[in-house]
Amino acid sequence: MSGYSGRGVHGQTVDVLGARIVAGGFGEGVVFDLAALGRDLDVSMTALREALKVLAAKGLVEARQKRGTYVRAREHWNLLDADVIRWRAEAGDAPAVLRDLAEVRAVLEPSTASIAAGRRDAADLAELEAALVAMRDAVGPAAAVDADLRWHRALLRATHNPMLASMDVFIEPALRLRDSLVHTGTDDDPVPAHRVVVDAVRAGDATAAAAAMSALLDKASHDVAEVIGAGDEEDTPA
């Protein structure tokens, strides 16, 4: 799920092409003239073909015999991919990404907290506490984001449901976008709201854990609305 930006010529080619596709520079159905595209990007055919394979894995392009390599419709894109999310944000779509994330989290995370309250063990609680310490001690947005993600992963694992535990793969890229904006734009301490969830999970109180997580999500939505502007607040769900 990690991005390709900055990984040499191959990574730069993936980044440039992916960003152009997501921004609409190459519209749906456009068939690439590989020779011309290689000249435009000043890359070898080998590097270009490897980059297109990466973009195909992300659902942005497809190669077919007799048709060539073409841009796929947006409905086929992997919208949970870290690069696709970043490209959408760079193209001005960050408010929509954040709105979608808020809705996914509202469906998933209160139930996750409720289940974790009934199944957590000592190791789970220790990791949740360690993540809170990392949140408290984080210096700079990057460290704050890493600590937040550590906490959410710990909560998912505390359900002892392998499918739920794997959901971090889906929420991580968008959560990084949200947290990078929020932690850059606010000085608010995130620990107290997360502490309430941990205390409820520790107590084995499923109802309180779900309510605390819902409150945390309400606060997250409010923080996002403040950062992206009051004009988008009506579209940002609690």
Side-chain angles (χ1 to χ4, degrees), residues 1-102 104 140-150 152-153 166-185 224 227-228 232:
M1 298 295 296
S2 59
Y4 275 81
S5 180
R7 296 186 180 181
V9 174
H10 174 236
Q12 292 172 13
T13 305
V14 171
D15 205 44
V16 169
L17 280 176
R20 285 190 191 177
I21 292 170
V22 172
F26 294 113
E28 176 185 339
V30 167
V31 178
F32 293 114
D33 179 337
L34 298 187
L37 188 59
R39 290 193 298 270
D40 179 45
L41 298 176
D42 193 24
V43 296
S44 68
M45 281 295 100
T46 298
L48 179 58
R49 291 183 188 281
E50 288 302 312
L52 289 171
K53 287 180 181 178
V54 173
L55 295 176
K58 298 176 185 293
L60 272 65
V61 303
E62 185 173 10
R64 288 189 179 180
Q65 290 185 345
K66 298 184 180 180
R67 180 173 180 181
T69 301
Y70 65 95
V71 178
R72 302 184 77 191
R74 180 187 173 98
E75 64 192 60
H76 298 295
W77 298 356
N78 180 2
L79 297 177
L80 296 171
D81 180 87
D83 289 317
V84 176
I85 287 173
R86 176 169 54 83
W87 294 327
R88 286 182 63 195
E90 291 171 354
D93 206 19
V97 173
L98 292 168
R99 180 199 62 219
D100 294 347
L101 169 62
V104 170
V145 169
D146 286 341
D148 194 5
L149 285 168
R150 178 179 179 180
H152 285 277
R153 289 195 186 103
S166 70
M167 292 298 288
D168 70 325
V169 174
F170 300 103
I171 70 171
E172 176 184 354
L175 194 62
R176 281 194 181 278
L177 171 61
R178 187 202 72 84
D179 281 1
S180 66
L181 292 173
V182 170
H183 286 298
T184 299
V224 167
V227 171
I228 65 177
D232 295 312

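Numbers for residues simply follow the sequence, beginning at 1. Values below: all heavy atoms of this structure, side chains included; hydrogens, waters and symmetry mates excluded. Remember, predicted model here, so these are calculated numbers, not experimental data.
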Subject >> Beyond-backbone contact of Leu55 with Val14, side-chain heavy atoms, under 4.5 angstrom >> reply: yes
Original post:
How about Val61 and Phe32: do any of their side-chain heavy atoms sit closer than 4.5 Å?
Top reply: yes
**OP:** Taking the side chain as every heavy atom from C-beta outward, state whether Val54 and Asp83 have any atom pair closer than 4.5 Å.
**Re:** no
Subject >> Heavy-atom side-chain contact between Trp87 and Ile21 under 4.5 Å >> reply: no
Original post:
Would you say the side chain of Trp77 lies within less than 4.5 Å of the side chain of Lys58, judging by non-hydrogen atoms?
Top reply: no
Original post:
Which heavy atom in Pro95 sits nearest to a heavy atom in Gly92, and how many Å separate them?
Top reply: CD-O, 4.0 Å
Original post:
Heavy-atom distance under 4.5 Å between the side chains of Glu90 and Val22, does that happen here?
Top reply: no
Subject >> Validation row: Leu177, Arg88 side chains within 4.5 angstrom (heavy atoms) >> reply: no
Original post:
How far does CZ of Arg39 sit from CE of Met45, to the nearest 0.5 angstrom?
Top reply: 8.0 Å
**OP:** Would you give the length of the straight line joining atom OG1 of Thr69 to atom NZ of Lys53, rounded to the nearest 0.5 angstrom?
**Re:** 10.5 Å
**OP:** Give, for atom CG of Leu41 and atom CG of Leu17, the distance between the pair rounded to the nearest 0.5 Å.
**Re:** 5.0 Å
**OP:** Using a strict cut-off of less than 4.0 Å between a Lys/Arg side-chain nitrogen and an Asp/Glu carboxylate oxygen, indicate whether Glu172 and Arg153 qualify as a salt bridge.
**Re:** yes
Subject >> Leu48 to Gly38 - nearest heavy-atom pair and separation >> reply: CD2-N, 3.8 Å
**OP:** Starting at CG of Leu37, measure out to CG of Leu52 and round the result to the nearest 0.5 Å.
**Re:** 7.0 Å
Subject >> Ala51 to Thr13 - nearest heavy-atom pair and separation >> reply: CB-CG2, 3.6 Å
**OP:** State whether the number of non-hydrogen atoms from other residues, nucleotides or ligands found under 6.0 Å of Arg150 atom CZ is greater than 12.
**Re:** yes
Subject >> Side chains of Val9 and Val43 in contact at under 4.5 Å (non-hydrogen atoms) >> reply: yes
